[in-house]
Amino acid sequence: MGEPCGAALAPAPQHEPAAPASLPLFPDPAQLDPALSAFLQQAGDQLCRWWADSSTRSPLPLLSVLPEAAPGPTGLDPIALLDDLQLVMDGAFNPVHPGSMAHLDPPPLTASVAADLICAGLNNNLLAEELSPSLSRLERSLCAWMAERLGLGDQAGGVAASGGSLSNLMALVVARHQRGLVGVPEALVFCSADAHVSIAKALAVMGLPATALRPVPVDGHGGLQVDDLAAQLDGAAAAGVPVLAVVATAGTTVRGAIDPLAAIAALCRQRQIWLHVDGAIGAVFGLSAAHAHLIDGLSNADSLTVNPQKLLGITKTSSLLLLRQPDALAACFATGLPYMEPSWADAHGGECGLQGTRPAEVLKLWLGLRQLGLSGIAQLLDGALQRRSQLQALLAGLPLEHCSGPLHLLAFTPEGLAPAQAEQWSLQTRHHLLERQLMLSRPLYQGRHHLKAVLGNPHTGAAQLEAVAEVVAASVHASVPLR
Ligand SMILES: *Cc1c(COP(=O)(O)O)cnc(C)c1O
């Protein structure tokens, strides 16, 4: 069906042994090495060419030929290295293609790419301040700025994490610690039925039984039903069962729904329950004054996950865990790092979270945000919302059930199909879309397969949206006899 059919292995390339003394293995500490500059330049040019031919290739390459995985008996020269890289690049998913709208994976922000290169070259370590003096401070300052901007208060701050799953896990570990529930297997976590799978994973890592996760049904807009949550919390209180946290989602993964954050926060406040908001998709809307109303109530969170790697295009991974009281991080995770100099500011990066050695992911976030400016952020958000409205309007006349929210995600499936028919429809339609270099995803939602468009790619224009509508219209008409 036009899906990649696995990787083929290229015949072992017959490279000559490395040409002597061309590319140095490590940077020269005493002089500029022209061979090294040329190599990095060529790698950069190769990447720029890959971006520049993006629209001639499919978002999803059908076959990839890989170079040999194992190192050869001797090292390769720079030309062979770049050739090897090219083979992997040829088989890569292509987020820059205008038809790429399947997932929460937009094109990379260009300043963020440059910062990623510099980050690799600095090779600092956020484990400890002496291994990343300027970068540790930058991470703290940027987390404090973002937390305050999102309304968590002027004492707020946080820590970077390699992805939203890890941010969510750390948030729940901190909540458990703050609530004195370490070692209490009865403790419950409430979240909507549409909450991200990483919440269930987090509880598994925390050693809690699957029954510790209490899903709350969603309403017709995909938001958590507050009355149901209130009843379940009352039930837990009456039975004397402790609550570890409530997780509200600001931007669900299939439809971008926002839970009623203010109402959930009110329930949590009355009962003194930790409120974690998973804003991996939606929290960035709070950075723009013109869009913050979409996620009203976000500022009530005790802890908040933000994933700038999603809509803003910060290169992967980029996630922050922000807390109203960031001291709770070190209170939970600090071990004293006995082999390090004492911290001279707040706390070592490795004392504020689960990760030990980690790269300075803050650099690409910081530079990317500096490149955008607040106006650039607002424009990115606007563009994504406009494309969602345009696609919704183009599909409006068709017999489809739309699942959307206020954000830039739109899922749909033909009205009245049985689950097996909806699956068949989604497979066929995705295939027809891919034939036209349009990539949508195919989530199973509320028992039926949907097609989902995530409209965060700034290159997606009217031509692609109209083409999607055309293919979908043809497929819906073709699926009528199935009913
Ligand atoms: C993507 C996502 C996550 C997980 O983030 P990763 O960076 O993929 O680990 C968590 N919650 C929501 C709502 C998401 O969409």
Side-chain angles (χ1 to χ4, degrees), residues 59 95 97-107 194 218-223 249-261 279-296 298 307 310-313 372 374-415 426 429-430 433 436-443 445 450-476:
H97 191 289
S100 177
M101 49 185 122
H103 296 284
L104 294 143
D105 292 76
D194 285 1
V218 296
D219 62 21
H221 302 287
T249 308
T252 56
T253 309
V254 172
R255 60 191 294 175
I258 313 284
D259 286 344
L261 301 173
I281 296 176
V284 292
F285 286 84
L287 297 177
S288 157
H291 298 90
H293 66 277
L294 294 172
I295 47 158
D296 202 28
L298 190 78
N307 263 20
K310 286 188 168 166
L311 184 49
L312 298 182
L372 288 168
L374 295 176
S375 63
I377 294 172
Q379 272 169 28
L380 269 186
L381 303 177
D382 257 346
L385 295 178
Q386 273 169 26
R387 287 186 291 276
R388 194 260 300 162
S389 302
Q390 281 166 10
L391 181 59
Q392 205 159 9
L394 286 165
L395 298 175
L398 301 173
L400 294 170
E401 288 170 26
H402 289 211
C403 287
S404 191
L407 306 185
H408 59 299
L409 288 77
L410 175 62
F412 50 88
T413 192
E415 284 172 358
S426 69
T429 311
R430 179 170 143 111
L433 288 164
R436 296 184 56 176
Q437 303 197 349
L438 302 162
M439 182 175 168
L440 270 64
S441 57
R442 214 166 56 78
Y445 181 63
H450 289 61
L451 285 179
K452 171 173 102 168
V454 181
L455 295 150
N457 181 348
H459 299 309
T460 303
Q464 285 78 35
L465 299 178
E466 283 162 14
V468 168
E470 215 177 282
V471 173
V472 171
S475 78
V476 171

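Being a predicted model, the structure only gives us computed values, none of them experimental. Positions are given from 1, in the same order as the sequence printed here.
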Quick one: does [X]'s side chain get under 4.5 Å of [Y]'s, heavy atoms only?
X: Leu311; Y: Leu381; result: yes
X: Leu440; Y: Val454; result: no
X: Val476; Y: Leu400; result: yes
X: Arg388; Y: Leu410; result: yes
X: Leu451; Y: Thr413; result: no
X: Met101; Y: Val468; result: yes
X: Leu407; Y: Ile281; result: yes
X: Val254; Y: Leu409; result: no

With rounding to the nearest 0.5 Å, note down the distance linking [atom1] in [X] to [atom2] in [Y].
X: Ser426; Y: Lys452; atom1: OG; atom2: NZ; result: 13.5 Å
X: Leu455; Y: Gln392; atom1: CG; atom2: CD; result: 10.0 Å
X: Thr253; Y: Leu104; atom1: OG1; atom2: CG; result: 7.0 Å
X: Met439; Y: Asp105; atom1: CE; atom2: CG; result: 8.5 Å
X: Ile258; Y: Thr252; atom1: CD1; atom2: OG1; result: 7.5 Å
X: Gln379; Y: Leu372; atom1: CD; atom2: CG; result: 9.0 Å

Please check if the side chain of [X] supplies one atom and the backbone of [Y] the other of a donor-acceptor pair under 3.5 Å.
X: Ser441; Y: Ala102; result: yes
X: Asp219; Y: Gly222; result: yes
X: Lys310; Y: His103; result: no
X: Arg387; Y: His408; result: no
X: Asn457; Y: Ser100; result: yes
X: Thr460; Y: Gly456; result: no
X: Asp259; Y: Thr249; result: yes

Atom of [X], atom of [Y] and distance for their closest heavy-atom approach:
X: Ala257; Y: Gly223; result: CB-N, 4.3 Å
X: Val284; Y: Leu312; result: CG1-CD1, 3.8 Å
X: Pro107; Y: Pro95; result: CG-O, 3.4 Å
X: Leu398; Y: Ala469; result: CD1-O, 4.4 Å
X: Leu385; Y: Pro406; result: CD2-O, 3.4 Å

Assign the ring pair Phe285 / His291 to parallel, tilted or perpendicular, where the plane angle (0 to 90°) is split at 30° and 60°.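 Geometry flag for His291 against Phe285: perpendicular rings.
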Test ring pair (Phe, Tyr, Trp, His ring centres under 6.0 Å) applied to His450 - qualifying residues, sequence neighbours left out: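 Listed in chain order: Tyr445.
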What pairs with Pro98 under side-chain contact (heavy atoms from CB on, under 4.5 Å), at least two apart in sequence or on another chain?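 Checked Pro98 against side-chain contact (heavy atoms from CB on, under 4.5 Å); matches are Ser55, His459, Gln464.
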May I have the step-by-step check of side-chain contact (heavy atoms from CB on, under 4.5 Å) for Val472 and Leu395, ending in yes or no? CA-CA 8 Å; Val472 171; Leu395 298 175; 4.1 Å; yes
